[in-house]
Amino acid sequence: MTTREFDDVTLERVREHVWEIAREGGMEVPARVLASEALLEEIGEDDSLQQLKNAAHLPGMTKYALAMPDAHQGYGFPVGGVGAIDAEDGCISPGAVGFDINCGVRMLRTPLTYDDVRGREEELVDALFDAVPSGLGGGGVVEGSRDAVEGALERGVEWAVEQGYATDADLKHCEDEGRRPDAKPEYVSKKAKDRGMNQMGSLGSGNHFLEVQRVTDTFDDDVADAYGLREGEIVVLIHCGSRGLGHQICSNYVRKIEQEHGDLLDRLPDKDLAAAPAGSQLAEEYYGAMCAAVNFAWVNRQLITHRTRETLADVFDAVDGDDVELLYDVAHNIAKRESHDVDGEDRELFVHRKGATRAFPAGREEVPAAYRDVGQPVIIPGSMGAGSYVLKGGDRSLEETFGSTAHGAGRLMSRTQAKQEFWGGDVQDDLAEQEHIYVKANSGATIAEEAPGVYKDVDEVVRVSDELGIGDKVARTFPVCNIKG
DNA sequence: ATGTTC
């Protein structure tokens, strides 16, 4: 038996890429880390393993508290964490969803090839940077209004279709078809709505970006064909979330829940895990507000899609906008009521995925019709120097991870440390000169914080997902140009 | 992640 120890946390190797932390003290269940030995060494360097043990204390946690191969420490609950919590007897925890509610990624297919774009990267990156609002603060693709915010919160991408910013095909190629019917905008504070109002269609800052990429490899021809991906073709990846609106909702409910449910909080090892008991008023309110923020984030990515279509049509004669198609949009900071088989019993669970992506296999009803025979697309962005992957939901994901896999490469170091190690201008120059990747950002500090060296190896993260059978490799992309906050 | 410290 192989054992690894990091500070107070002991892990036993269950089998290849599966490590278990035994149940002890107030833990409801054991915890599991899905990682290669090399990734486990990196995960063990920050507080994420202790946070995972803490997460296993949440009442109603089912089977295991789980860490994906890209895990790193977060607020209370690790990023790259999955917690499936009983929706009748358990709880819901804003810290296990994350501050940026429905942070996620979507991939657009274009009719362009790398040959069309080569030599015009700087023109393209300038045009996109001018067209897509980015950075902290206000300003979006559309001028926000009270009605626009309410429409987005209530109806998600359906609102965008009504307004002419989305097509019916966009709806069909989005997780939850772009709308959470459980949204309750009345539980979103005025302050949150005010923050969101002038941010409708904006990237934000931090690790958020819009990246033009070329498909470099396909690993599964049948599935790549079903997803419409071919080597040499240009795709666009959009990574952003619910901006100040989601952040405000999370802050509001963490505070309310701490005040109202101190008894539950006293049983938890970290107050940042504050959770509302299932069936309580605050659980209903947070879930309704969170679902509304989910809708808002989908609209946000949709408005950026709209502006991207216009920009590509402006820059390239061969593009008219309608031919830029949404492949899929996935959320990776989210909680959702889902039914799962647990030891032969059908259970209703709040599946919290914080920095984790739903990865449902073929056949599951939530997978859109276009992909139901092959499994849902899973989009795993790497760093701006590394490229990204498209996976398909794996056949073992329901059994191993409540239908989940990783969400990205995962950070290796804090933003503060990153700025000590890297200088944004140098990172930018090196990428252009050595890799022909053109990056444009509002701030050099952001480039330093997001330098390729700040991230784990996305190839290794994806290898583990693929070998575990929770998310299987379909295609790989490489960056062409990237705009950031 | 975030009107980058309620």
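All values reported here derive from a predicted model rather than from experimental measurement. Chain letters run A, B, ... following the sequence lines, proteins first, then strands; residues in each count from 1. What's counted below: heavy atoms across the whole structure, side chains too, no hydrogens, waters or symmetry copies.
Taking atom CD1 of residue A:I447 and atom P of nucleotide B:dT4, one finds them 21 Å apart after rounding to whole Å. Rounded to a whole Å, the CG atom of A:N333 is 13 Å from the C1' atom of B:dT2. One interatomic measurement links the two molecules: NZ of A:K191 to C1' of B:dC6, which rounds to 8 Å at whole-angstrom precision. Separating the CG atom of A:D272 from the P atom of B:dC6 is a distance of 15 Å, rounded to the nearest angstrom. Going from atom CG of A:D194 over to atom P of B:dT2 covers 18 Å, rounded to whole Å. Atom OH of A:Y75 and atom C1' of B:dT4 are 16 Å apart (whole Å). Whole-Å rounding puts the A:K484 NZ to B:dT2 C1' distance at 15 Å. When rounded to the nearest whole Å, the span between CG of A:N442 and P of B:dT4 equals 15 Å.
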Margin query: Would A:E450 and A:V454 count as a side chain to side chain contact (heavy atoms under 4.5 Å, CB included) here? Give the steps.
Written below: CA-CA 6 Å; A:E450 297 297 320; A:V454 165; over 6 Å; no
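Across all strands shown, A:S205 has heavy atoms under 4.0 Å from sugar-phosphate atoms exclusively, and none from any base. Across all strands shown, A:R415 has heavy atoms under 4.0 Å from sugar-phosphate atoms exclusively, and none from any base. The residue A:G241 sits apart from the nucleic acid: no heavy atom pair falls under 4.0 Å. Residue contacts for A:K354: at a heavy-atom cut-off of 4.0 Å it reaches no nucleic acid atom on any strand shown.
Here A:R243 reaches the OP1 or OP2 of B:dT2: one of its side-chain N or O atoms lies under 4.0 Å away.
Screening residues 473-485 of chain A for salt bridge (charged side-chain N to carboxylate O under 4.0 Å, His left out) gives A:D459-A:R476 as the qualifying pairs, with residues at least two apart or on separate chains.
In terms of position along DNA chain B, the nucleotide closest to A:C103 lies nearer the 5' end than the nucleotide closest to the other residue of the pair A:E449 and A:C103.
With respect to the salt-bridge test (charged N to carboxylate O, under 4.0 angstrom), the residues A:R109 and A:E325 qualify.
Partners of A:H340 according to the side-chain hydrogen bond (donor to acceptor under 3.5 Å, both in side chains) rule, which considers only residues two or more places apart in sequence or in another chain, are A:E338.
Here the side chain of A:R307 pairs a donor or acceptor atom with the backbone of A:V141 at under 3.5 angstrom.
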